[in-house]
Amino acid sequence: MKIRGSGRTSAALRARASGRRAVEAAALLLVLALVILRILDPVPLVVLRQQLLDAFQRAAPRREETFPAVVVDIDDAALAAHGQWPWPRDLLARLLARIFEGEPAVVAFDILFAEPDRLSWAAIAERLAAHAPEVSERLRGLPTTDRELAEAIRGRPVVLAQVPLPERSVGRATAQPGGTPIAELGGSAAPFLPAFPAALGNLPELEAAAAGRGSIGLPAEVDTVVRRVPLLVRVGERILPALAIEMLRVAAGETTLLVQVDAAGIASLTVGRRRIATDRNAMKAIHFAPADPRRRLAAGELLADPEAAGRLRGRLVILGSSAAGLLDIKATPISGATPGSEVHAQLLESILAGADVTRPNTALGLELALALATCLSVLVLVPRLGAFATMGLGGLVALLLVGGAFLLFVERRLLLDASFPALAGLVIYGFLVFANYAREEAGRKAIRTAFGRYLSGPMVDRLAADPAALRLGGELREATVMFVDVRDFTAISERLAPERLTALVNRVLTAIADAIQARGGTIDKFIGDAVMAFWNAPLQDPEHRRNACLAALDVLAAVDRLDRALAAESAGGEEPWPRIRVGVGINSGPCHIGNMGSQQRFAYSALGRPVNVAARLEALTKELGHPILVGAATAEGVPELAWLELEPVVTRGSREATRLFALSGPGGASAARLSPPAPPAGAIASAP
C-alpha cells in the first residue's frame, strides 16, 4: 500500500520544499498583479481609497474661527418671503446693493444669468400689450432689470459665474472669449488641465460690467462626492479660473494669475503673494470644516435688516442658494447635503488658512513601496509565525499604516493611501491561508486516494477527518493478520486464456476485498491470487479479533456466491468457469506496523511472527481440510463464535507447536474437540 511518508524521508522533504517554493512563486506573482492593479487604479480601489480619506476628514475636520468667506443664502425662507425662483433681477440688484453696504472685499454670484430676465419690465410689457396697451407703453420706457443689475455690478468687485460644458450647446448663450490673463512659468499648462469645448456664461452686458469671471463647476468623484475642485479649466483655447481663485484675484487687485508648470504637470497657482499647491491637473482637495451658521447669512434677513450687512465687512461674499428645489446640493466627505455655494466658501477658507490638503506626486511610488514591504513581510512571517500570530501582527501593521497616514493628514495635511498596502497584505495573507488549506485538502485527498482501495469508506472518512490518527513511521502494535489464497490457482491459470484469467482474478479479489473492508480491515497487499490484510491499524479497533473472524466468514460466503454466479454463467452456454475455493489463515499478536521499503518506494505493512504464522495457517487449510484456520491468540479473544480445536502443529520456521482452531460459524453451533487434553487456562471452551 503506497502512501506518503511522515516527512522525515528526503523525498518527502523535497516534495514539501517544492510545494513551498511553488506557493511562494505564486504569491510573488500575485504581488506583481496587485502592483499592476494599483497602477491601473480601477474604480473599486478608487472608492476604497476615497472612503478612507473621507474617514480622515470626518475624524479631523478643519477648525474655522475667522470665517473669511460668507454665503448670502437665498434659502427656502427667502423664496417664501420674496417669491419663487428666479427672482426679478431688480430684486437681485437691490440685494447686491445691500451687500455692498457692508463693504465686502468681493462679491461672487454662484448663479448664472444666461437668459434675459423673464420678469423684466420689457417682458411684462409684451404680455400686457394686448390687454393694457397704455400700461404696456409706459413700461417699455423703463430700463430693463438686466440693465439695473449690470449697473449694480459695474465698478464694483463682482465676479460672475461660468459653467464649463462637456459639449457645445445650441441656442444657449456661451461665454465670450477673453478673461483673466494667465502667466505660465515652466511650460504650457493647457495639456494638464481639464478641457471643455465651451462654457455657459451670462448676458453680454452683465459680463462686460463684471470685474471677473470664474468657473463654478464642482465635479464629483465616481461615488458622487465632491472632494476636489479644479482651480483652472481649459475652455476651448482659453483658461478659466475657478470662482474662488477669481475672487481672490479681484479682492487682491491683481490682474494676472501665475501658473507654475513642471515635468509632472501643474505644480502650483499663485494669486498675488499667495502660492496654492495643486495636483498635476490643477485640482485642489478641500479640507472641509463642519457646517457653521457663521458661514451663512440669510438673504431674507439681509433684505429686511440693513444692519445685518455689517457682518460682511472685508469678507469674501458668495451669493448662492441652499433651497432644495434649486438642486445645488452636493455630497462632501463630512456631509451628504452641502450647498454648492458653501463648497466654494470652504475652498476659500482652506486656501486662506493655508490648509493645503495635497497628494504629492511621489504618493503612488511610496504607496507601492509600502504595499511591497507589507506583502513580503507576510510572505516571510506566515510560514515562521503561523497564521494566527501573523494575523495579529498583520492587524497591528494595518493599524500602523492607517495610523501613520492619519498622522500625516493631521500634521502635514498629506493624503496618502494606507488602504492599498493594508489590502495587499490581507490578500497575500488570505492567499497563504488558502494555500495551506488547499495543502491540507490535498493531504486529505491523498489519504482517501491511498487508503480508499485498502480501507472501508467509514475508516477512510475517519482518517481524512483526523489525519493525526495515522501514525506512520513504524510502531509495535497488537494486530490481527489474515491471509486469503485461492486454492489450485496454478491449475486454474493453465486452463484459462490470459484475458479470462485476469477477469476471474479481478472478480475473486474484488469479492474478497469488499468482505474485508466491510469489517474494517486494512488490505496490505495483493500477492497474485492471494490477499494479505490486517486489523487494528492504522486506526485503533478494539474488536479487531472478532472483526477479522467475521470477515473470514464473509469471505467464504462472498466466494460461494461468486462461485454460484460463475456456474450460472457456465450453464448459460458460455465457456465453463472453474470452481473457486479459498483458504483463510488468521492470527493475532504484536506486529511491527509502518512504512516498509526503500526511501524511494515503500508500503504500509505489518511484520512479525504473527504475520508468518497467519501465512502458514492459510497454507495448512487445504492439508487439514478446514477453510478457516485461526491461531489461539485470535480464537481466545472471540469466545462467542463456534470453534473446533485441532491438534497443535509446528509451523515452518518455528520450534514451538501452534495451537489451531477451525472457525465453524458465527456461534451457537456445536464443535468437536479432536485433541483429548483440555485447553490451557484462558483457552476457549468447545462444546462437547
Side-chain angles (χ1 to χ4, degrees), residues 68-69 105-106 108 157 159-164 175-199 201 207 210-219 227-287 316 343-344 346-366 408 412-416:
V106 64
V159 177
L160 294 182
Q162 293 187 358
V163 179
Q176 299 299 312
T180 304
I182 305 293
E184 298 167 309
L185 183 62
S188 174
F192 303 101
L193 299 178
F196 300 88
E207 293 271 0
R213 288 151 291 279
S215 167
I216 58 173
L218 297 176
R227 300 179 178 88
R228 303 178 299 162
V229 176
L231 300 189
L232 298 171
V233 295
R234 180 160 56 91
V235 178
E237 298 300 324
R238 67 188 181 103
I239 294 178
L240 178 67
L243 186 73
I245 297 300
E246 190 71 344
M247 290 176 69
L248 291 175
R249 182 191 68 81
V250 172
E254 298 291 334
T255 59
T256 305
L257 299 175
L258 176 63
V259 180
Q260 178 74 45
V261 183
D262 58 24
I266 309 298
S268 65
L269 174 64
T270 301
V271 183
R273 296 183 179 181
R274 187 175 302 278
R275 182 178 181 274
I276 307 166
T278 71
D279 70 6
R280 65 188 303 269
N281 301 117
M283 301 289 287
K284 177 67 176 175
I286 304 176
H287 191 183
L316 307 171
V343 175
H344 295 296
Q346 295 234 23
L347 175 60
L348 283 167
E349 291 174 357
S350 295
I351 293 173
L352 294 173
D356 293 331
V357 178
T358 59
R359 179 170 169 81
N361 291 335
T362 58
L364 178 58
L366 181 59
L408 284 173
R412 301 294 181 87
R413 292 182 295 278
L414 293 177
L415 294 177
L416 286 180

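Fair warning: this is a prediction, and the values are worked out from it, not measured in the lab. All values below were derived from every heavy atom in this structure, side-chain atoms included, with hydrogens, water molecules and symmetry-related copies excluded.
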Pick out which of E254, E246, R238 makes a side chain to side chain contact (heavy atoms under 4.5 Å, CB included) with T180.
E246

For the side chain to side chain contact (heavy atoms under 4.5 Å, CB included) test, which of L193, I266, T278, V259 pairs with L231?
T278

Ignoring hydrogens, what is the shortest heavy-atom contact between [X] and [Y]? Give both atom names and the distance.
X: V229; Y: G217; answer: CG1-O, 4.3 Å
X: A69; Y: E349; answer: O-OE2, 4.0 Å
X: M283; Y: P194; answer: SD-CG, 4.4 Å
X: L347; Y: A244; answer: CD2-CB, 3.7 Å
X: A363; Y: L415; answer: CB-O, 4.4 Å
X: A211; Y: R249; answer: O-NH2, 3.2 Å

Check: [X] side chain, [Y] main-chain N or O, donor-acceptor pair, under 3.5 Å:
X: E184; Y: A189; result: yes
X: R213; Y: E207; result: yes
X: D262; Y: A264; result: yes
X: S350; Y: H287; result: yes

Quick check for you: to the nearest 0.5 Å, what is the distance between [X] atom [atom1] and [Y] atom [atom2]?
X: T270; Y: I276; atom1: OG1; atom2: CD1; answer: 7.5 Å
X: S268; Y: L185; atom1: OG; atom2: CG; answer: 8.5 Å
X: I245; Y: L269; atom1: CD1; atom2: CG; answer: 5.0 Å
X: H344; Y: S215; atom1: NE2; atom2: OG; answer: 7.5 Å

Could you tell me if the side chain of D279 sits less than 4.5 Å from the side chain of R228, heavy atoms only?
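Yes; the side chains approach each other to less than 4.5 Å.
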
Could you tell me if the side chain of R275 sits less than 4.5 Å from the side chain of L258, heavy atoms only?
no

